[in-house]
Amino acid sequence: MATESANGVSSPELNERDVVITTNDNRNFTVKIGVARVSKTINNMIQDLGESLDLSSGIPLPNVDGPIFEKVLEWCEEHKNAPEIKVEQDPHTRERKWFTMTEWEEEYFRKFLSHLWDLAMAANYLEIPSLYYYTCQKLAERIKGRTPEQIREMFGIEDDLTEEEKAEIRRTNVWCTY
Amino acid sequence: MPSLLPLKTLADYFDAGKRKYNSLVSASKKSKRFPKFKSRKNRELTQISSTDENPLLLTEEIWSMVFDHCSPFDLLKMRQVNRNFKKLVQRRLNSLIYFDVVKCDLNEILAENQLSDGEFYRHSKSNLLLHLGERSAIVVVDDRWSSRDVYTVWHAVQTFSPYAHCVTLDVQIAELIIAGLSTVKLSRWYAFECYVQAVGSTSGQELHMKCSKTVVAKNALFPKLRELTIRSFPSDLTCLSRLADYGVSPDSVYNINQIELVRLNIVEMPTSVSRLSSFTSIEASRTKRPQKHLRIFKRWIGADLLKERYAQQYSQ
């Protein structure tokens, strides 16, 4: 989080100010700067623009649409003072450990289950590590145990493998389902 | 084979002296998880929508993150989804360095009805656990394996063998691999194994399965192999001498010009340790004429030809 002011105002005071964020469908969201700063992308914009930041004319987000940004904001509100997410790895295997979610977070993903893909994309662009990692974990949970056909259907993925390629993979994978 | 070391300690042990590979691979890894903040002008060009100029880059990044959380069995199946998924999974497999196959009591790693602890994942039908990390794959098969487990292990070995640089095998697994490469049917080999167990360790030591046909392999099973470690208890040295019975030469396992170290690790069993299978005992842990078994193995592996690349290690 920035400690320098954007408009010559101290950081805690600035965090309480409102900023207008415009999404790609021209929807304006009036958000507290402290909440918007959960996104590293927006935080960097605020810092970069500094004195020239016009709080009323707003920050454009050409890559995120309104309905998704609304959901992202809900996350930011809840995580505005949360410490940076810690990605832990097993020292021996270097495998990433699973995150434990709070009840609120579980409920959040239950509510927006059908928008996980959009949330992951938005979290990636807006650089919100907590939302990004957690959404990816949720996506992994969703595809667990699914067949390739079900995964393709679920995410609208095009099947561009030839029959020969598929047969070859099936042959090498056969032991996974013995 | 009863294991003396918990698997996590084992993984630590494997890491010793092998960090050069990790540092090499890490150095070549240039991708960054999150994109750096760009100026507004540049940012306008980076679309996330379907009209993106380069949507795959972003998608791959996210999928790669999703794959981090998938079980290894799911991950292998992902290759069937589309070309992009296949490429992503293949990239992970290509970064593997260590491959270990262990035969021990699965309950020592996972509770009987536990499917996963986040590191090891239980196979849905066979008595087998699989771990797939960033650099290592570990297959664990139960001490009391069935015919189906034998086939599953053999296929698992074939899946990971093209990628492994450093392989550690329990001696029974080494015998299974050699039998798999031979003309012997694995079901027949399994029946032979059961018979050896049934007649007891003393008589079983002299039993051999003779193969009439010699196998000339076109390609080595582990084409990238640089370090091979075969781990054995003194009681299992008979498996070593049986490796020569199947008509399979070490060339079928690794490339003789490429291999840097073949290590035989004989794990002495401390008398205080009683983690033996129900059908064994301290008395049975002794092998008659261990030197004879070692001599046959060394002749088969070509220890003379390997010279300083062959090492025999005794540990507790």
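Predicted model only: the values in this text are computed from it and were never measured.
The aromatic rings of B/F120 and B/H131 are tilted relative to each other, their planes meeting at an angle between 30° and 60°. B/F99 and B/F160 have tilted rings, their planes meeting at an angle from 30° to 60° on a 0 to 90° scale. Taking the six-membered ring where tryptophan is involved, the planes of A/W75 and A/W104 are tilted, since the angle between them lies from 30° to 60°.
With a 4.5 angstrom heavy-atom cutoff, A/Q150 does not touch chain B via any of its atoms. For chain B, the nearby parts of A/L139 are the backbone and the side chain; heavy atoms of each come within less than 4.5 Å. With a threshold of 4.5 angstrom between heavy atoms, A/T162 approaches chain B through its backbone and through its side chain. Within the 4.5 angstrom heavy-atom criterion, atoms from both the backbone and the side chain of B/Q80 approach chain A.
Taking the six-membered ring for Trp and the full ring otherwise, B/Y190 and B/Y151 have centroids separated by 6.0 Å or more. Taking the centre of each ring, B/F73 and B/Y121 stay at or above the 6.0 Å mark.
B/Y98 and B/E227 are not linked by any side-chain donor-acceptor pair at a separation below 3.5 angstrom, with hydrogens and angles left out of the test.
For chain B, the option among A/E168, A/K144, A/R146 with the highest count of heavy-atom pairs below 4.5 Å is A/K144. Chain B forms more heavy-atom pairs under 4.5 Å with one residue of A/D159, A/D65, A/I143 than with any other, namely A/I143. Residue with the most contacts toward chain A among B/N82, B/D74, B/V153: B/N82 (heavy-atom pairs, distance under 4.5 Å).
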